[in-house]
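Chain identifiers are assigned alphabetically (A, B, ...) following the order of the sequence lines, protein sequences preceding nucleic acid strands; residue numbering begins at 1 within each chain.
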Amino acid sequence: MMKSPFSPRSQADSRVISVQKEDFDVAALYQALQQNPSSGAVVTFTGLVRDLNLGTAVNALFIEHYPGMTERALSDIVEQAKQRWPINDVAVVHRVGRLEVNQQIVFVGVNSAHRQAAFDACEFIMDYLKTSAPFWKKELSDQGEQWLEQRESDRVASKRWS
Amino acid sequence: MMKSPFSPRSQADSRVISVQKEDFDVAALYQALQQNPSSGAVVTFTGLVRDLNLGTAVNALFIEHYPGMTERALSDIVEQAKQRWPINDVAVVHRVGRLEVNQQIVFVGVNSAHRQAAFDACEFIMDYLKTSAPFWKKELSDQGEQWLEQRESDRVASKRWS
Amino acid sequence: MKINVRLFARLREQLGDSVQCECPEGATVAALTDQLASRGDNWAQLKSQEILCAVNQQQVSGEHRLADNDEVAFFPPVTGG
Amino acid sequence: MKINVRLFARLREQLGDSVQCECPEGATVAALTDQLASRGDNWAQLKSQEILCAVNQQQVSGEHRLADNDEVAFFPPVTGG
């Protein structure tokens, strides 16, 4: 059996928070979330590098973060989600460094007894991550390098939870 | 490379709809959804057999369906989702027959350029599946066998989209 | 005309998988339901508000007019997912 | 007191990774920002509304009072995910 990144199952519900250069394995992350017998629902979100952003053909992304503060911000967001919804295990993985088109950027996975809590918590974590975790994306295209601006739609999305 | 259940990538966006006795492989389903270069977001939902339902310790589920009508109802639901949101590929897999605790029941996966459409479409498909696809669950516990009743919360969830 | 009736879930367990009916030309689903309900106790539940009906695998209401060889299914509210 | 200033994303590219500052006892983040802004053109952007500030990895506002050896970070709105 594959080693679970969620430490002992008999203990309280687990949290995985990781900021890393390496790619992540959605299959292994899902498998760990699937193993909680009191969870009837697993919701996962995966963000990928798109080939096109606001009309620009993208070659790659570079993602910078603030080591230490980023992990702390992600923990805070997960903690808030656990206080708002009856969810069990949570995993948040975000990559940094250079990422090519189609590569995986971010994973958020949540399990819960019922589907609505799992969907809501997963969306909430993504919305807050987008506006309050210190990551910055630079887009590399044939037109050169460009730091991305925060989207108004992301600010709106995170405000709907408050 | 793993064979993708999504037939030729250069063609229009694909749909996978399957009603089956066999278990499904979330890793393979995810991998297919991840391969669309114009998708920046993949959302997946997996439903599992819980060990406890409304206070009863569950041993297993038996799921019955209406062959032919079920597949048609799932296609209709996916079609409606595609008309409402700018989503790309969609996969819906639902198992039938006897399922043990912790086993996978249903998978819904959606990809899209942006996360909100992927989240909304995935939730919509699950909400409609719960109220309009002809599947019936029987719960097997130490107290005997019992056909489940439709939940009021599921009726409410599906109404919020109309 | 000949109508093929199918039953699912608890209706199937109580009434059987399927039954063949003879209906007068132009009968509605409601008329077929009445005809089946008259078979006796357990069959009367087909008239319950909550029981759903599909003709040729499309959900219909009681006013739907049947045609020869239609497949008519009766079933309780669905509980998949 | 000694303050360690760190910069991220486009601020880092324009102003450098980090810089050490001397501040008077009890200085606020706003005072430190003014002091840095006075270094010249590119530094003035630290005073922009949209630039965020964290002290010891917690986001703070301009009134926050600094202590010796604090780590102060300035950065643009975040764009991860």
What are the two closest non-hydrogen atoms of D:Thr79 and A:Gln150, and how far apart are they?
CG2-N, 3.6 Å
Within 6.0 Å of CD in A:Gln146, more than 12 heavy atoms from elsewhere:
no
Please set out all donor-acceptor pairs under 3.5 angstrom arising from side-chain atoms of residues 60-68 of chain D, sequence neighbours excluded.
{"unit_1": "D:Arg65", "atom_1": "NH1", "unit_2": "D:Gly26", "atom_2": "O", "d": "2.6"}
{"unit_1": "D:Asp68", "atom_1": "OD1", "unit_2": "D:Lys2", "atom_2": "N", "d": "2.6"}

Using every non-hydrogen atom in the two residues, find where D:Val78 and A:Leu129 come nearest and quote the distance to one decimal.
CG2-O, 4.4 Å
Chain D shares the most heavy-atom pairs under 4.5 Å, among A:Arg155, A:Lys138, A:Arg151, with A:Lys138
Nearest heavy-atom approach of A:Trp147 to D:Glu13 is NE1-OE1, 2.8 Å
Considering only heavy atoms, which portion of A:Ile63 lies under 4.5 Å from any heavy atom of chain D: side chain, backbone, both, or neither?
neither
In terms of heavy-atom pairs under 4.5 Å with chain A, which of D:Glu50, D:Arg6, D:Gln57 leads?
D:Gln57
Using 0.5 Å steps for rounding, measure from the CD atom of A:Glu149 to the CZ atom of D:Arg10.
6.5 Å
Considering only heavy atoms, which portion of D:Ala54 lies under 4.5 Å from any heavy atom of chain A: side chain, backbone, both, or neither?
side chain
With a strict 4.5 Å heavy-atom criterion, list every residue of residues 66-73 of chain A that contacts chain D, or say none.
A:Tyr66, A:Pro67, A:Gly68, A:Met69, A:Arg72
